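Not measured: the values here are computed from a predicted model. Order of the sequence lines fixes the chain letters, A, B, ..., with proteins taken first and strands second; residue numbering starts at 1 for each chain.
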Amino acid sequence: MNSKIFNLSNLDEGKTVTVYGWVEKVRDHGGVIFLDLRKDLEIIQVVIEPSEKEIFSVAENIKNEFVIEVSGLVRKRPKGTENIKMSTGEVEVCANKLNIFSKSKPLPFQLDEYSNAGEEIRLKYRYLDLRRPEMHENLIMRSEVSNSVRNFLVNKGFIDIDTPMMTKATPEGARDFLIPSRVNKGKFYALPQSPQLFKQLLMVSGFSKYFQIAKCFRDEDTRKDRQPEFTQIDIEMSFTSCEEIMNISENLIIELFKNILNVDLKRFPKITHKESMEKYGTDKPDLRNPIILHDVKDLFLDSDFKVFKDPANDKKSKLVAMKLKKDISRGQIDEYTKYVGNFGAKGLAYIKVNDVSDLKKGLQSPIVKFLSEKELESLVKKLDLKNGEVVFFGAGNKKIVFDSMGALRQKLAEDFDLIDKTSWKPLWITDFPMFDETLEGALTPSHHPFTKSLSTLDLLEKSPHQAISEAYDLVLNGFELGGGSMRIHDAEEQRKIFSILGISDEEAKQKFGFFLEALEYGCPPHGGIAFGLDRIVMLMANEDSIRDVIAFPKTQSALCLMTEAPDKISNAELEDLSIKSTFEEIE
RNA sequence: GGACCGGUAGUUCAGUUCUGGUUAGAACGCCGCCCUGUCACGGCGGAGGUCGCGGGUUCGAGCCCCGUCCGGUCCGCCA
């Protein structure tokens with residue numbers, strides 16, 4: 001069957017055709033009936049005239065979303081009745097045969113462009129929601145992206161290899177989804193959080209260029225850009241370098257945007273993790289946002305205002321300011337104060353600049369009275385403050401200041417419409433710290449425990465906080481599209497990292513023994529990257545959530561409203577798997 | 001685990017949050033009748049509601065209070 005059956009080229013005037021599809025719309029004039037017939041993304045108007053007595057009485061009972069087949073003559077519409085809004089609007093099919101394949105009940109929600117159904121009902125009847133052109137187009141774009149990725153990588157000599165979905169639980173990282181084993185009682189497989197170890201083992205196997213469009217599973221709470229199951233474009237290469245991987249990745253993304261959106265992306269700038277945090281307060285900055293953070297520690301080293309002076313003199317603290325060129329109300333400031341509270345900030349200091357020529361009366365703020373004229377003057381100079389601007393301050397614990405100011409920076413830009421929604425601002429973040437510190441003081445890998453460090457083993461052991469990793473993230477418009485690193489290819493080095501992370505030799509052997517052993521049989525230096533396919537398509541399709549580019553997504557509470565998964569299972573099934581539930585239902 | 005917003009007809013929403021009070025409204029959809037050139041067709045008529053669920057306060061609750069479920073955004077979490 002030809003999916004382009006409605007194409008104007010197939011609708012030559014005078015030709016007899018058979019068309020089929022869903023009834024998009026019925027317009028029954030009593031004497032003549034018009035049906036809009038939809039298939040794929042095309043629509044053609046069918047006319048049923050009363051002279052066709054047999055089919056006319058059938059047509060009178062046709063409702064929206066019936067699936068029908070119509071044969072008839074293609075003819076030009078009468079002068080003045082053409083519809084310029086339709087690609088097929090100059091012609092119509094005058095039916096002389098009509099067959100109903102399938103009837104439809106009235107739909108639980110309307111599919112037309114004027115209805116605005118909520119997500120709950122759309123997800124329950126997802127198969128209907130997907131009939132809408134917007135959703136259809138998103139999934140078509142997703143297919144085009146996958147296809148483009150595949151072509152690009154295959155042409156570059158990459159080999160597509162798939163890896164197991166039933167694998168071994170990993171101790172680090174996210175929570176695992178587990179699969180009980182019936183045959184091996186009391187034991188569990190896990191769904192992969194990513195193909196990480198397998199792709200590294202494929203390097204050991206001598207496949208120097210690997211890729212896979214892989215499903216990954218992480219049992220963590222969802223966000224608009226995170227689902228418990230998601231798709232990665234997974235890439236790994238041996239005998240390579242950060243530069244080579246970033247270069248290939250960049251070309252891949254550039255090609256995607258060219259092929260699918262016909263957008264020419266410029267080369268991606270690179271900034272270090274440190275620079276990103278200090279300028280934007282985040283490791284995934286939206287460069288469309290013009291606001292930047294300024295370090296103002298040096299202005300307040302000897303201040304009488306303790307709230308500024310203390311962090312200004314403390315290495316573990318930050319004192320930053322950012323300005324907004326907009327008028328802002330007291331109520332809005334209260335809102336933003338509440339907002340930064342979410343990130344642990346105790347307050348939000350601000351100064352409204354009414355008149356820069358008068359530092360006493362021209363600056364409006366509860367904190368101005370604590371600041372000296374000299375301090376205010378240097379602040380005005382440093383931030384180049386102008387009348388009508390407002391300055392916000394973040395002071396205190398480094399993490400809290402970056403988290404709260406970074407988030408506020410983005411919120412202000414969105415609320416005050418400072419972001420050019422039509423532009424694309426990709427960038428690389430490099431030189432990540434090797435480790436992060438938990439609140440309890442333990443070290444965790446900032447990327448993953450197989451990441452190679454630029455620092456010497458000696459430094460790694462003595463001052464792990466200063467160690468820098470050979471890792472890189474690709475960020476686009478404030479979303480982390482992908483990340484990767486060079487990997488450790490030496491068993492000794494890998495053991496050392498495990499030990500710094502507080503993983504005992506015994507545990508390392510039990511969880512990663514197979515992997516450590518593989519590193520002892522000739523492992524090439526290697527590295528790679530993984531991209532979030534869902535996020536890439538979400539941005540390209542201009543959607544706000546990856547749910548809109550996934551055919552059958554989960555809700556925020558990880559439910560599928562259509563199938564009602566997950567669901568209870570019978571005791572018999574549990575018994576078969578040697579599992580007993582400890583969950584007690586409250587009646 | 002936590003914060004906030006929402007849940008009223010099939011759908012999208014209104015229902016004077018502080019200030020509870022006869023019969024809970026609108027639009028679209030649906031059903032019936034009419035209509036020969038519409039394309040968000042039109043006209044006339046009609047049906048349709050456990051106000052998410054449970055409890056409480058009150059003479060009286062869609063509205064107030066407590067709990068709970070569902071959807072969303074965010075914090076935590078996401079090597």
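The gap from the C1' atom of B/G25 to that of B/G48 amounts to 14 Å, rounded to the nearest Å. B/G42 and B/G55: their P atoms are spaced 46 Å apart (whole Å). Here the separation of B/A40 from B/C33, taken at their C1' atoms, is 23 Å to the nearest Å. B/C53 and B/G62 have their P atoms separated by 11 Å, given to the nearest Å. Rounded to a whole angstrom, the distance from the P atom of B/C28 to that of B/C35 is 23 Å.
Counting distance only, with no hydrogens placed and no angle test, the side-chain atoms of A/D221 and the base atoms of B/G76 include a donor-acceptor pair under 3.5 Å. No hydrogens or angles were tested; on distance alone, a donor-acceptor pair under 3.5 Å links the side chain of A/N83 to the base of B/C39. A donor and an acceptor atom sit less than 3.5 Å apart, one in the side chain of A/R75 and one in the base of B/G37. The base of B/C35 is not paired with the side chain of A/R27 by any donor and acceptor separated by under 3.5 Å. Counting atom types as modelled, A/R218 pairs no side-chain N or O with a base atom of B/C78 as donor and acceptor under 3.5 Å. You won't find any donor-acceptor pair under 3.5 Å spanning the side chain of A/E82 and the base of B/G37, going by distance alone. For B/U38, the base has a donor-acceptor partner in the side chain of A/R77 [N/O atoms by modelled type, under 3.5 angstrom]. You'll find a donor-acceptor pair under 3.5 Å spanning the side chain of A/Q45 and the base of B/U38, going by distance alone.
At the heavy-atom level, A/E49 lies under 4.0 Å from base atoms of the strands shown. Residue-level contact check: A/K338 touches neither bases nor backbone, having no heavy atom under 4.0 Å from any strand. Using a 4.0 Å heavy-atom criterion, one finds that A/D219 contacts no nucleic acid atom at all. Within the nucleic acid shown, A/P445 comes within 4.0 Å of sugar-phosphate atoms alone, with no base atom in reach, counting heavy atoms only. Counting non-hydrogen atoms under 4.0 angstrom, A/E113 reaches nothing in the nucleic acid.
Rounded to an integer number of Å, the gap from A/D129 CG to B/U12 P is 12 Å. Look at CD on A/Q556: it is 12 Å from C1' on B/C4, rounded to the nearest Å. Protein atom CD of A/E24 is 13 Å distant from nucleotide atom P of B/G29, rounded to whole Å. In this structure, CD1 of A/I121 is placed 17 Å from P of B/C70, rounded to the nearest angstrom. We find that CG of A/L111 is positioned 13 Å from C1' of B/G10, with the value rounded to whole Å. One atom, CG of A/L123, and another, P of B/G72, lie 7 Å apart when rounded to the nearest Å. Between the C1' atom of B/A26 and the OH atom of A/Y114 lies a distance of 20 Å, rounded to the nearest Å. When the P atom of B/G72 is taken as reference, atom CD of A/E120 falls 8 Å away, rounded to whole Å.
Pair assignment for B/G6: B/C70, on the basis of Watson-Crick or G-U wobble contacts that are both within less than 3.5 Å. Base pairing of B/C31 is made with B/G45, judged by Watson-Crick or G-U wobble geometry with both donor-acceptor distances under 3.5 Å.
Ring geometry for A/H448 versus A/F450: interplanar angle of 30 to 60°, hence tilted. Relative ring orientation between A/F498 and A/F512 is described as parallel, the plane-to-plane angle staying below 30° on a 0-90° scale split at 30° and 60°.
Salt bridge present: A/R122 and A/D129 bring a charged side-chain N and a carboxylate O closer than 4.0 Å. In summary, A/R226 and A/D221 do not engage in a salt bridge, as defined by a charged side-chain N under 4.0 Å from a carboxylate O.
When each of B/U36, B/G32, B/U38 is scored by its nearest atom to the side-chain atoms of A/K63, the top-ranked nucleotide is B/G32. Nearest nucleotide to the A/S557 side chain, out of B/U11, B/C39, B/C70: B/C70. Of the candidates B/C39, B/G29, B/G72, B/G72 carries the atom nearest the A/R547 side chain, counting heavy atoms from C-beta on.
A distance-only check finds a donor-acceptor pair linking the side chain of A/S276 to the backbone of A/T282 [under 3.5 Å]. Judged by distance alone, with hydrogens and angles left aside, the side-chain atoms of A/D283 form no donor-acceptor pair with the main-chain N or O of A/H273 at under 3.5 Å.
Position along RNA chain B of the nearest nucleotide to A/L107 versus A/G80 favours A/L107 as the more 5'-ward residue. For A/V26 and A/L559, each mapped to the nucleotide of RNA chain B holding its nearest heavy atom, the one lying further toward the 5' end belongs to A/V26.
For A/K124, the NZ atom is loosely surrounded, since the number of other residues' heavy atoms within 6.0 Å does not exceed 12.
Between A/E65 and the choices A/R132, A/K103, A/R131, the salt bridge (Lys or Arg N to Asp or Glu O under 4.0 Å) rule is met once, by A/R131.
In this structure, A/H29 counts as stacked on the base of B/C41 under the 5.5 Å centre distance and 30° plane angle limits. Residue ring and base: A/F109 does not count as stacked with B/G10 (centre distance below 5.5 Å and interplanar angle below 30° not both satisfied).
Proximity of A/S115 to the phosphate of B/U12: no side-chain N or O atom is located under 4.0 Å from OP1 or OP2. Look at A/R223 and you won't find any side-chain N or O under 4.0 angstrom from OP1 or OP2 of B/G76. Residue A/K105 places none of its side-chain N or O atoms closer than 4.0 Å to OP1 or OP2 of B/C30. Dashed line: the shortest gap from a side-chain N or O of A/K85 to OP1 or OP2 of B/A40 is under 4.0 Å.
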